[in-house]
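Structure first, then comments.
The chains referred to below are lettered A, B, ... by the order of the sequence lines, with proteins before strands, and numbering in each begins at 1.
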Number of protein chains: 4
Amino acid sequence: MKAEYFTDTFNKISGEKRQKILDVAIAEFSERGFESANVNSIAQKAGISVGSIYKYFENKENLFLTVIHFAVETLRDVLKEIMQSEDDLESRIEKIIRAIQSRTRDNVQLTKLYNEMTTENRSSLVWKIASEMENTTAGLYASFIKQAQEAGEVKDDVDPNAFAFFLDNLFLLLQFSYACEYYKERMKIYIREDIFDNDDLVVEQLMKFIRGAFFSK
Amino acid sequence: MKAEYFTDTFNKISGEKRQKILDVAIAEFSERGFESANVNSIAQKAGISVGSIYKYFENKENLFLTVIHFAVETLRDVLKEIMQSEDDLESRIEKIIRAIQSRTRDNVQLTKLYNEMTTENRSSLVWKIASEMENTTAGLYASFIKQAQEAGEVKDDVDPNAFAFFLDNLFLLLQFSYACEYYKERMKIYIREDIFDNDDLVVEQLMKFIRGAFFSK
Amino acid sequence: MKAEYFTDTFNKISGEKRQKILDVAIAEFSERGFESANVNSIAQKAGISVGSIYKYFENKENLFLTVIHFAVETLRDVLKEIMQSEDDLESRIEKIIRAIQSRTRDNVQLTKLYNEMTTENRSSLVWKIASEMENTTAGLYASFIKQAQEAGEVKDDVDPNAFAFFLDNLFLLLQFSYACEYYKERMKIYIREDIFDNDDLVVEQLMKFIRGAFFSK
Amino acid sequence: MKAEYFTDTFNKISGEKRQKILDVAIAEFSERGFESANVNSIAQKAGISVGSIYKYFENKENLFLTVIHFAVETLRDVLKEIMQSEDDLESRIEKIIRAIQSRTRDNVQLTKLYNEMTTENRSSLVWKIASEMENTTAGLYASFIKQAQEAGEVKDDVDPNAFAFFLDNLFLLLQFSYACEYYKERMKIYIREDIFDNDDLVVEQLMKFIRGAFFSK
DNA sequence: AATGAATGAGCATTCATTCAT
DNA sequence: TATGAATGAATGCTCATTCAT
């Protein structure tokens, strides 16, 4: 972790303690949002003093940015793992969808945080942190699509960048739909009440949707 | 307007005054978020007293919900307008994309508000208001797809509900990408820096994407 | 009172309440200094809420500046009163010395505040308020000395401005010596332990000192 | 140095280190005042740990008192040096004035500290330290005046103690006027804007003032 | 109904001081 | 002895909400 939003002291404390602070802060920020999150409460729940929090982070905002930083790194790690497979585009896409289903359930708070951070306030600061991740995925998706194009799997008049964008939009909202209350309700309305017990249906239909988009003659 | 989140008094004041309050509140909530929005400041900018605000709305939350209510109604009106055309599915979709491009630019604040309201806090209350709209669009999209299916335009193994969901996911993120800073930056990264000067490119590619998804044999 | 450091609201409240706030604030600031003074405590002692304090004054500093403003005005009023007499320079000086003795005892806190405000921090802001008073007295003293010079009472090679400065220095430290603990102890050391029961001695000796300075052949 | 306000440990460290701590502390206290001065910051600037500061001084107040102690000793040394001359009273006074001009410019921080310490808070503790110095100067001035009186230079009805007091008042405010922002501005107002480039004028006029006070027939 | 002054709980942040290493 | 991380009480300030006029 580069020391951009936290002090050197934070780097020196035990990994266990550091993780505890991050976990507590993630929970607080994702449940209550930036403004409502209470620094004193985070300190207490993390079992440290407020003073220490302010030894580790210059202010509440930097604590938030550190949390975002960490969240983004975690999300990107998940992605990298998936992307390393040597499969073809279609298989890769299916893997990603299944990963979104399983991993989002393990990282509900991180995903809520991701939605939270797209909100207006502080978006410029947050963007600096997130842009790296978005850049990575954008590049990856586009290059995969280009490869498929060169292999004749995808039509020539497809703009790889635009299609990468649409693809990630589908993934992003799927993530939110597995984590954020609002989007969960929305998905139940759109598909059906018990959709969260039907992961295969989602995979099957979304694959069909994407397959058509990419591989129709 | 049903008096659910506001008092009868609010209904009785002049339409002009009512609109002024809503406009100011929309601006404040969309720019600063719920927590940071300042009730006293809204009152001042609207040219009324704080006391009056609290005569019209039981508390800040109800003011917010009223604003959401109004925003959702406006957004739904836009949608209805588009949906009333008698075109086929493909033409309808193109119209919607073009409407998102033009109307979102006129309603940046409402769209930001929409993103804001998907955030965790208060999401259950907010959902009550938004669910009606989401229900409407979900139903509309699904029924259009079913019609197309019956007409043989769309394959039989497509789940109209799931496809309606994916379709609206693409629309929703497109909306956000035309209004919210974070998503704007993201779109520029994914497609290209000057994408906001290239509406036709977006229409063309997104149509290609969706057409394939729906109409590939 | 010009509304420079306080809000219009402060001007509108009852004179009694306003005075109470000022009195309490003067006591707090003069006893504990700017940093140690507690705004919450001032509010409580004045029988109002913290919120009100911050409706009246933008921040602690402005409350302090208002208090200084008030203190300076009060001190200047005392001076003006003395200066209005039609006596000759010598009589005037004696009157001033006697006024310092009696009035300082009634305004111990204001005088302590005056000493406090000469301290480094905030001195530039404070100076804006105090400079008017210092200007007034400087001008008055100098013009009196000039008159006396023209009347042949004071030698020609005397610089009225410099002499006004030395004269006021003597007065200022006399004031502090009647109000501030440190200077009180110092005066007891220099003259004698029971000097504060011997006002006439001070008048007599200081008059002798000044008379010689001004009126020696 | 007597170990009154600092521990034995402070005495044992190298003179260089001790001086560094004192220098840094003087700068901090004179620039920011007692309350605003930051112990952690002093430690850091002095290149030692906070822990050490608290090994050397029981608390912030004792550090302050040690600094005052040191400042007072330095100021007294300056005075003693001046007083050792064998000149007559008038020459001595001129020497003092010139010394105030030159030495105050070299010791601006100590002089500011002197003004700071006359402030109410802690004045009783501070007085214990300063009283020795004030006693010394008071005694010296008074004895010189008595000598002059016995030599017939000064009139019999002059109270040497009172005159010593007035004399030192003139000197003290002159010191402050060469070091403290507030008093510097005040002097510019009273005499003239460029007075700090006119040391001779000050000497000449103040000598005239004092000479008259003491030596008028 | 409308006003806007008043309220006070709540929170971010600071910093003198302690103590384990 | 020296270190510097840790502590937590203290305080300036905000803002949703109330209520007398």
Side-chain angles (χ1 to χ4, degrees), chain A residues 7-10 12-14 17 35-44 47-61 63, chain B residues 7-10 12-13 17 34-44 47-64, chain C residues 7-10 12-14 17 35-44 47-61 63, chain D residues 7-10 12-13 17 34-44 47-64:
Chain A
T7 65
D8 200 41
T9 317
F10 184 60
K12 287 189 204 146
I13 61 177
S14 77
K17 197 170 167 186
E35 301 295 341
S36 294
N38 182 325
V39 177
N40 288 270
S41 168
I42 290 173
Q44 199 179 17
I48 60 170
S49 66
V50 221
S52 289
I53 289 272
Y54 281 87
K55 272 271 165 52
Y56 303 152
F57 312 98
E58 207 186 329
N59 48 35
K60 189 184 181 179
E61 183 154 300
L63 168 57
Chain B
T7 65
D8 201 41
T9 320
F10 184 59
K12 288 187 197 148
I13 61 176
K17 197 170 168 184
F34 178 80
E35 300 296 340
S36 294
N38 185 323
V39 176
N40 286 269
S41 170
I42 290 172
Q44 198 182 15
I48 61 169
S49 67
V50 224
S52 290
I53 289 269
Y54 280 86
K55 281 282 191 321
Y56 304 153
F57 312 97
E58 204 188 331
N59 49 34
K60 188 184 183 179
E61 184 154 296
N62 278 12
L63 168 57
F64 181 68
Chain C
T7 67
D8 201 41
T9 317
F10 183 61
K12 287 188 204 148
I13 61 177
S14 77
K17 198 170 166 184
E35 300 295 340
S36 294
N38 183 325
V39 177
N40 289 274
S41 166
I42 290 172
Q44 198 179 17
I48 61 170
S49 67
V50 220
S52 288
I53 288 272
Y54 282 88
K55 273 270 166 51
Y56 303 152
F57 312 97
E58 207 186 328
N59 48 36
K60 188 182 180 180
E61 183 154 300
L63 168 56
Chain D
T7 66
D8 202 39
T9 321
F10 184 59
K12 288 186 198 150
I13 61 177
K17 197 170 168 185
F34 178 80
E35 299 298 338
S36 294
N38 184 324
V39 176
N40 287 270
S41 170
I42 289 171
Q44 198 182 16
I48 60 170
S49 68
V50 224
S52 290
I53 288 269
Y54 279 86
K55 281 282 190 323
Y56 304 152
F57 311 97
E58 205 188 333
N59 49 34
K60 188 183 184 180
E61 183 153 299
N62 277 12
L63 168 58
F64 181 68

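Between E58(C) atom CD and dG12(F) atom C1' the separation is 13 Å, expressed in whole Å.
The main-chain N or O of T7(D) is never found under 3.5 Å from a side-chain atom of K55(D) such that the two would form a donor-acceptor pair. Looking only at distances, a side-chain donor or acceptor of K60(D) sits under 3.5 Å from a matching main-chain atom of E35(D).
As judged by a 4.0 angstrom heavy-atom cut-off over every strand, A43(A) is placed among residues making no nucleic acid contact. Within 4.0 Å (heavy atoms only), T9(B) reaches sugar-phosphate atoms of the nucleic acid but no base atom.
At the phosphate of dA16(E), OP1 or OP2 sits under 4.0 Å from a side-chain N or O atom of N38(D). Dashed line: the shortest gap from a side-chain N or O of S52(A) to OP1 or OP2 of dA5(F) is not under 4.0 Å. One finds no side-chain N or O of S49(D) lying less than 4.0 angstrom from the OP1 or OP2 phosphate oxygen of dG4(F). Of the side-chain N and O atoms in K17(B), one or more sit less than 4.0 angstrom from OP1 or OP2 of dA2(E).
Looking at the side chain of K60(A), the nearest of the listed nucleotides dT13(E), dT17(F), dT3(F) is dT13(E). Across dT13(E), dT1(F), dT17(F), the shortest atom-to-atom separation from the side chain of Y54(A) is found for dT13(E). Ranking dT3(E), dT3(F), dA16(E) by closeness to the V39(D) side chain, first place goes to dA16(E).
Note that the CD1 atom of I48(A) and the OH atom of Y56(A) stand 5.5 Å from one another [nearest 0.5 Å]. One finds the CG atom of N62(D) at 8.5 Å from the CZ atom of F57(D) (value rounded to the nearest 0.5 Å).
Along DNA chain F, the nucleotide nearest E35(B) and the nucleotide nearest V50(A) are compared for position; the residue whose nucleotide lies closer to the 5' end is V50(A). Mapping Y56(A) and G51(C) onto DNA chain F by nearest heavy atom places Y56(A) at the nucleotide closer to the 5' end.
With a cut-off of 3.5 Å on both Watson-Crick or G-U wobble distances, the partner of dT18(F) is given as dA5(E).
For K55(C) against dA6(E), a side-chain-to-base donor-acceptor contact under 3.5 Å is present. Contact annotation: side chain of N40(D) to base of dA16(E), donor-acceptor pair present below 3.5 Å.
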